Amino acid sequence: MSYTTLHVHTEYSNLRLLDCINKVESVIQYAHDIGLNGCAITDHEALSAHIKALKFYNDKAKNDESWQKFKLILGNEIYLCRNDLSLNNYERGEKFPHFILLAKDAEGHRQLRELSSRAWSHSFTMFLTRVPTYYKDIEEVIGLNPGHVIASSACIGGWLGICFNNQWRDQAINFITWCKVIFKDDFYLEIQPARYEEQIEYNKWLLDIGKHTNTKCIITTDSHYLKKDNRQI
């Protein structure tokens with residue numbers, strides 16, 4: 001089966017909280033070893049793993065044809081928040097919805113860097129360091145020069161997951177419409193395998209709303225560890 005994993009975390013997701021036990025080199029090596037076609041790096045508002053990932057991949061691909069066929073994708077899992085969210089106007093219980101961005105080319109990666117810099121410039125501390133990306137950041141950086149970044153709705157911790165839990169179908173459709181205006185055909189709904197009921201029902205809901213909005217789905221594993229034996233950690 002042909003499969004590229006598009007939502008993967010590394011040790012650099014631990015910059016603000018303990019989140020992942022994957023080492024950069026290990027997760028890329030393991031993805032290659034089990035026969036995947038590629039692997040994306042999507043840490044929590046961090047591009048810090050990218051240089052190490054590129055160096056490791058380039059060293060492998062120099063003399064090994066199997067690595068040359070393997071695709072390394074550089075991305076970011078951002079927190080897509082309302083415009084101008086700050087410590088001064090944060091509302092109690094307000095969420096910081098997850099959202100995935102994947103660079104298609106060098107310009108896409110430049111856009112990721114600019115967005116990440118903006119997010120950190122917006123940062124404030126509330127229990128932990130919050131690094132919001134505003135909707136207007138996406139509109140200004142990607143919307144004015146589209147076609148270089150792929151986006152997906154991320155895990156159930158994204159805005160669509162919030163809509164699902166609150167039965168906000170109209171808000172979900174409005175969000176998908178906004179995403180497709182910005183990203184054109186490069187926006188996808190993200191479903192994930194899980195045994196717990198909430199994720200199963202969320203997957204069904206996404207498939208249904210995807211048909212309604214003519215939006216394609218992708219399947220990811222949102223990986224924070226490599227093997228089943230590591231799950232308890």
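All residue numbers in this chain count up from 1 along the given sequence. Keep in mind that this is a model prediction, so the values were computed, not measured.
Looking at D208 and R169, a side-chain N of the basic residue comes within less than 4.0 Å of a carboxylate O on the acidic one, giving a salt bridge. Salt-bridge check for K136 with E139: failed, with every basic side-chain N at 4.0 Å or more from each acidic carboxylate O. Using a 4.0 Å cut-off between charged nitrogen and carboxylate oxygen, E45 and R16 do not count as a salt-bridge pair. Ion pairing between a basic and an acidic side chain is recognised when a charged N comes within 4.0 Å of a carboxylate O; K216 and D185 show no such pairing.
In this model, a donor atom of one side chain and an acceptor atom of the other lie less than 3.5 Å apart for E190 and T220. Side chain to side chain, Y79 and H44 meet the donor-acceptor criterion of an N or O pair below 3.5 Å. Side-chain atoms of D64 and S66 include a donor-acceptor pair closer than 3.5 Å. K23 and T10 share no donor-acceptor pair across their side chains, judged by distance under 3.5 Å alone.
Between S223 and N22 the shortest heavy-atom distance is O-ND2, 3.6 Å. Closest heavy-atom contact between Y202 and G161: OH-N, 3.2 Å. For C217 against L207, the heavy-atom pair with the smallest separation is SG-CD2, 3.9 Å. Counting all heavy atoms, side chain and backbone alike, L189 lies closest to I209 at CD1-CG2, 4.0 Å.
Note that NE2 of H7 and CG of L102 are 9.5 Å apart. Values are rounded to the nearest 0.5 Å. Going from atom CG of L128 over to atom CG of L17 covers 6.0 Å, rounded to the nearest 0.5 Å. Atoms OH and OG, on Y188 and S152 in that order, are 10.5 Å from each other to the nearest 0.5 Å.
F99 and F183 have tilted rings, their planes meeting at an angle from 30° to 60° on a 0 to 90° scale. Between H32 and W67, the ring planes are parallel. Angles under 30° get that label, and only those over 60° would be called perpendicular.
Of the possible polar contacts, none joining the H9 side chain to the Y225 backbone as a donor-acceptor pair under 3.5 Å is found. Side-chain atoms of Y134 come within 3.5 Å of backbone N or O of L85 as a donor-acceptor pair.
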- Message: Go through it in stages, so that I can follow the logic: the residues are L87 and M126, the test is side-chain contact (heavy atoms from CB on, under 4.5 Å), and I'd like the CA-CA distance, side-chain angles, deciding distance and then a yes or no.
- Response: CA-CA 7 Å; L87 183 61; M126 176 166 290; 3.5 Å; yes
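Within the 4.5 Å cutoff, the side chain of I78 has heavy atoms near those of the I138 side chain. Side-chain contact between F175 and L80 is present, with at least one heavy-atom pair separated by less than 4.5 Å. Residues Q111 and L101 form no side-chain contact, since every pair of their non-hydrogen atoms from C-beta on lies 4.5 Å or further apart.
Just one of D137, D84, T133 meets the side-chain hydrogen bond (donor to acceptor under 3.5 Å, both in side chains) condition when paired with H122; it is D137.
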